[in-house]
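Below: one structure, written as C-alpha cells.
Because the structure is a prediction, the values reported are computed rather than measured. Nothing fancy with the numbering, it's 1 onward along the sequence.
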Amino acid sequence: MERNQLAINGGPKVKNTPFGTGRRFGVEEAKELLEALEQNTLFYHFGQKVKRFLNDFNKIYKTKYSVAASSGTAALHVALGAAGVTVGDEVITSPITDQGTVIGILYQNAVPVFADLDPHSYNLTAESIEQKVTERTKAILVVHLSGNPCDMDPIMELAKKYHLKVIEDCAQSYLTKYKGRLTGTIGDYGCFSTNDFKHISTGDGGIVTINSGDEADYFTAHAFADKNYQRHGDSVSKDLEYLAPNYRMTELQGAVGIAQLKKLEWICTRRNALGDRLNDCLKRIKGVNAMNIHEAGWCSYWFYMFTLNLHELSCTREEFSKALAAEGIPNQAGYIPKVIYAQELFQKKQAYKNSHFPFDQGAYDYSPGSCPNAENILQTAIRLDLNEFFSDEDIEEMMVGIEKVAAYYSK
Ligand SMILES: *Cc1c(COP(=O)(O)O)cnc(C)c1O
C-alpha cells in the first residue's frame with residue numbers, strides 16, 4: 001500500500017498519538033477561591049478579589065482604568081454604553097464573529113452595520129469600514145479574530161476623520177500586538193471575555209479597558225455595568241439618569257481570574273509559537289491559503305483557520321475536512337455556520353419579538369452577497385483547534401496531514 005494513500009481511502013493515518021492536554025486550573029485558583037470565601041462577602045465592591053484582578057490586568061495592559069463584567073458580551077455592551085451608543089445609532093462591525101459582538105448594539109437599540117473583511121486576515125479594513133459610514137454611524141466595533149490584530153492605524157485615522165468611537169473586541173486576542181501595542185489599548189475601549197473557551201477562564205466573565213484614561217469616562221463605564229449606580233467609596237447614588245444593566249462580576253470570578261492571569265503570558269507565547277509554525281508551513285502548500293498576519297502583528301491564535309483554494313483542488317471543502325479528520329487531525333469545516341447578518345434575526349429584522357425596531361429607522365440591507373469576502377471565507381475555511389498544551393510533534397503532524405491531503409487533491 002502506498003504511503004501517500006489517504007487514510008480515508010484505507011491508507012496509513014498521519015497522526016496516531018493523542019494531542020497534548022493539560023490542566024487549566026489548579027491549587028492556585030483554589031487558594032484564591034478560599035480567600036474570597038473567607039472575606040465573608042462575594043460582592044465585588046466590598047471584596048478585594050475583583051479589585052486585585054483588575055489591578056493585575058491593568059499592570060499587564062499598562063492601562064489606568066478597567067471595569068469588570070459578567071461576560072464578554074456584557075463587556076461589549078458596557079463599552080457601547082460608555083461610548084454613548086444609543087437609539088438609532090449605527091455601529092459598524094464584522095460579519096464573522098461571536099453573537100456577543102452584536103447583542104449589546106441591539107440592546108442599545110442601535111443597528112449593527114456589517115463591513116466586509118480582508119479575505120486572508122478575516123478582519124475588517126479601513127477601506128471596507130469607510131464604505132459603510134453614514135451620518136448615523138457612532139462607533140466602529142472591530143474584532144481581532146482568533147488573536148490576529150486588525151490593521152489599526154488606518155482604522156483609527158478613519159475614526160478620527162468621522163468622529164467615531166472605536167471599540168476593540170479582544171475576546172479572542174489576549175496579548176495580541178499591533179506595531180508593539182497590545183490590542184485592547186488602541187481604540188477607546190477594549191473588551192475581553194473570560195468565558196470557559198477563551199485563553200483564560202473564570203467560567204464566565206469580562207473586562208473593559210477605558211483607554212482615554214479619563215476618570216469621568218471610567219465612572220460612566222463602571223456604573224454602566226452596575227445598574228448605573230454611582231459608587232464612590234462607601235457612598236452610592238442610585239439616582240438614575242438613564243438605563244443600564246447589571247453585569248457585575250462576583251468575587252469568585254475575580255479570584256479565579258487572579259490565578260489565571262499569571263498563566264496568560266505562557267499560554268499566549270506558546271500559542272503564538274505553535275500557530276506561527278503552522279502558518280509558515282501552510283504558506284508553502286499549494287491549494288491552501290495561510291492566515292495573513294500583519295507584518296507588525298503578533299497573533300495569539302485562539303484557533304487556527306486557513307482557507308482552501310478550491311480551483312486548485314479536485315475536492316470540495318467538506319471532502320478535504322473529512323479526509324484531514326481521517327488522518328487524525330480534528331478540524332471543522334468553517335467557523336460560525338453563516339455570516340451574522342444571514343441569521344433570521346437580521347433577515348426578518350426582528351431584534352425584539354413582534355417588532356422591527358430599530359431596523360425600521362433606516363434602510364438596512366442584510367441580503368446575501370453584501371459582504372462577499374466574509375461569505376467566501378466561511379465557505380472555504382478549515383478551522384483547527386490550537387492549544388497551549390499541544391506538543392511540537394502535534395503541530396508537525398498537523399502540517400504533514402494538511403500537506404498530504406492537499407497534495408492528494410491537487411489538480
Ligand atoms: C467569546 C466572544 C464574545 C462573547 O464573550 P462571552 O463571554 O461568551 O459573552 C464576543 N466576541 C467574540 C469575538 C468572542 O469570541
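- Between Phe389 and Phe19, a ring centre-to-centre spacing not shorter than 6.0 Å is recorded.
- When each of Thr101, Asn148, Leu76 is tested with Val143 by the rule side chain to side chain contact (heavy atoms under 4.5 Å, CB included), just one qualifies, namely Thr101.
- Relative orientation of the Tyr352 and Tyr107 rings is perpendicular, given thresholds of 30° and 60° on the angle between their planes.
- When the ring pair (Phe, Tyr, Trp, His ring centres under 6.0 Å) test is applied to Phe320, no partner is found at least two apart in sequence or on another chain.
- Shortest non-hydrogen contact noted between Asn228 and Gln230 is O-NE2, 3.2 Å.
- For Tyr304 and Phe390, the distance between ring centers is not under 6.0 angstrom.
- Legend: ring pair (Phe, Tyr, Trp, His ring centres under 6.0 Å) pairs involving residues 122-160, not counting sequence neighbours: none detected.
- Annotation: ring pair (Phe, Tyr, Trp, His ring centres under 6.0 Å) contacts of His232 (sequence neighbours excluded): Phe219.
- Between Tyr229 and Leu240, the shortest heavy-atom contact is CD1-CD2, 4.0 Å.
- Residue Thr137 holds its OG1 atom at 15.0 Å from NZ of Lys165, rounded to the nearest 0.5 Å.
- Looking at residues two or more places apart in sequence or on another chain, you find no side chain to side chain donor-acceptor pair (under 3.5 Å) involving Asn292.
- Applying the side chain to side chain donor-acceptor pair (under 3.5 Å) test to Asp56 and every residue at least two apart in sequence or in another chain returns Arg52.
- Considering only residues two or more places apart in sequence or on other chains, Glu28 meets the salt bridge (Lys or Arg N to Asp or Glu O under 4.0 Å) condition with Lys263.
- Evaluation of the side chain to side chain donor-acceptor pair (under 3.5 Å) test over residues 384-402, restricted to residues two or more places apart or in two chains, returns Lys15-Asp394, Lys15-Glu397, Arg270-Asp392, Arg271-Glu388, Arg277-Glu396, Ser391-Asp394.
- A search for salt bridge (Lys or Arg N to Asp or Glu O under 4.0 Å) contacts involving Glu251 returns nothing, not counting sequence neighbours.
- The ring pair (Phe, Tyr, Trp, His ring centres under 6.0 Å) test applied to Tyr364 returns no partner, not counting sequence neighbours.
- Checked for salt-bridge contact, Glu318 and Lys322 miss the test: no charged N lies under 4.0 Å from a carboxylate O.
- Take Phe306 and apply the ring pair (Phe, Tyr, Trp, His ring centres under 6.0 Å) test, not counting sequence neighbours, and it matches no residue.
- Considering CD1 of Ile200 and CG of Leu264, their distance stands at 5.0 Å, rounded to 0.5 Å.
- Between Tyr44 and the choices Lys51, Lys49, Arg231, the side chain to side chain contact (heavy atoms under 4.5 Å, CB included) rule is met once, by Arg231.
- Between Phe57 and Phe192, the ring-plane angle classifies as perpendicular under the 30° and 60° cut-offs.
- When every heavy atom of Ile105 is checked against every heavy atom of Leu141, the shortest pair comes out as CD1-CD1, 4.0 Å.
- For residues 97-115, no pair satisfies salt bridge (charged side-chain N to carboxylate O under 4.0 Å, His left out), with sequence neighbours left out.
- Judged as a side chain to side chain contact (heavy atoms under 4.5 Å, CB included), and not counting sequence neighbours, the contacts of Ser193 are Ala171, Asn195, Lys198.
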